[in-house]
Amino acid sequence: MNWELSDCRNLSELADQVTALEKTSVIHFSFLMTVILTLVFMFIYHRRSVDKSLLQFMIVSSFIFYVLNVIRLAFFPIPINETYIELLKQQVKCGILVERRHNLQLFDFMKWGNLFHITTVGNFLMLMPLSFYCPILFKKRDWGFLRMILIGFFISLAIELIQLSYDFVTGYAYRGFNVDDLMMNTLGVIFGFLVFTIVRGFFLITIKFIQFFYRKAR
C-alpha cells in the first residue's frame with residue numbers, strides 16, 4: 001500500500017501495517033546468536049589450534065564474542081523491505097516515529113542535559129575493550145598511544161560510514177552518521193589504553209620486585 005501524508009488520519013491502520021510487516025522485513029542479530037556463534041568458534045578453534053593454552057583460548061574466544069556484539073549493537077536490526085521502510089518514513093511524517101539524524105556538530109549530545117546519557121556512555125564503552133585485546137592478542141606490534149588512537153578512530157569511522165551508506169541506499173536515516181559517536185568511541189579507546197598501560201606497568205613492577213626479593217632470599 002502506498003501511503004501519502006494525508007494518511008496520517010489513519011494512524012491505527014498505519015501502525016497495524018508496520019507491525020504486520022516487521023517480522024518479515026527486519027533482520028535481527030540477537031544476543032543468543034552471538035553466544036551460539038562464539039561457541040561454534042570455540043569448538044573449531046579448540047580442535048584446530050596448535051596453542052593449547054587455556055588462557056589464550058579464553059582470551060581469543062572472548063574477543064570473538066566481543067566483536068560479534070559490537071556488530072550486533074552497531075548495525076542491527078536492519079530493515080530490508082522497501083515497503084516497510086516507506087511505512088517507517090510515513091510514521092516519521094505523521095510524528096509517530098522520530099527519525100535519527102546525521103550530526104556533524106561536536107558535543108551535540110550536551111543538548112540532552114545529561115553527560116551520562118545511556119547513548120553517550122555506551123559509545124564511550126563500546127570500543128574500549130580493544131585497548132586490552134589488541135596489545136594482548138597482537139604482541140608483535142608496538143602498541144603506543146598513537147597507534148591505539150588511530151585504530152579506535154578508524155574502526156569507529158568505518159562503523160559510522162557503513163551506517164551512513166545504508167541511509168543513502170534506503171533514503172531513511174535508520175542509524176545516522178554522528179561525529180559525537182566517533183569522538184566518544186575514540187575517547188573510550190584512549191581511556192582504556194591508559195588503564196591498560198597503568199595496570200601493565202604495575203604488574204611488571206610487581207614481578208620485578210618479586211624476582212628481586214627471591215634472588216636476595218637465595
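- Atom CE of residue Met184 and atom OG1 of residue Thr186 lie 10.0 Å apart, to the nearest 0.5 angstrom.
- Residues satisfying the side chain to side chain donor-acceptor pair (under 3.5 Å) test with Tyr166, not counting sequence neighbours, are none.
- When side chains are defined from C-beta on, Val189 does not count as touching Met128, because their heavy atoms never get closer than 4.5 Å.
- In the hydrophobic clustering of this structure, Phe168 groups with Leu161; members are Ile, Leu, Val, Met, Phe, Trp, Tyr whose side-chain heavy atoms approach within less than 4.5 Å, directly or through other members.
- Considering every non-hydrogen atom in both Ile136 and Phe196, the closest pair reads CG1-CE1, 4.1 Å.
- Aromatic ring centroids of Phe65 and Phe31 lie under 6.0 Å apart.
- Atom CH2 of Trp143 sits about 11.5 Å away from atom CZ of Arg200, to the nearest 0.5 Å.
- Other residues, nucleotides and ligands place no more than 12 heavy atoms under 6.0 Å from the CD atom of Glu82.
- Taking the ring-ring contact (aromatic ring centres under 6.0 Å, His included) definition, one finds that Phe154 meets it with nothing, sequence neighbours left out.
- Of all non-hydrogen atoms in Asn178 and Glu160, the two that sit nearest each other are N-OE1, 3.0 Å.
- Across Arg72 and Thr34, no two heavy atoms sit closer than the pair CD-CG2, 4.0 Å.
- Cluster annotation: Ile78 and Leu68 are assigned to the same hydrophobic cluster (Ile/Leu/Val/Met/Phe/Trp/Tyr, side-chain heavy-atom contacts under 4.5 Å, transitive).
- Using the six-membered ring where Trp is involved, Phe63 and Tyr66 have ring planes that are tilted, between 30° and 60° apart.
- By the criterion of side-chain heavy atoms lying less than 4.5 angstrom apart, applied directly or through intervening Ile, Leu, Val, Met, Phe, Trp or Tyr residues, Ile155 is grouped together with Phe138 in one hydrophobic cluster.
- Heavy-atom minimum distance, Phe76 versus Ile71: CD1-O, 3.6 Å.
- Of all heavy-atom pairs spanning Met42 and Ser61, the tightest one is CG-OG, 3.1 Å.
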Go through it in stages, so that I can follow the logic: the residues are Tyr84 and Thr24, the test is side-chain hydrogen bond (donor to acceptor under 3.5 Å, both in side chains), and I'd like the CA-CA distance, side-chain angles, deciding distance and then a yes or no. CA-CA 9 Å; Tyr84 180 76; Thr24 58; over 6 Å; no
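- Leu130 approaches Pro135 most closely through the heavy-atom pair O-CD, 3.9 Å.
- Annotation: the span from Ser131 atom OG to Phe145 atom CZ amounts to 8.5 Å, rounded to 0.5 Å.
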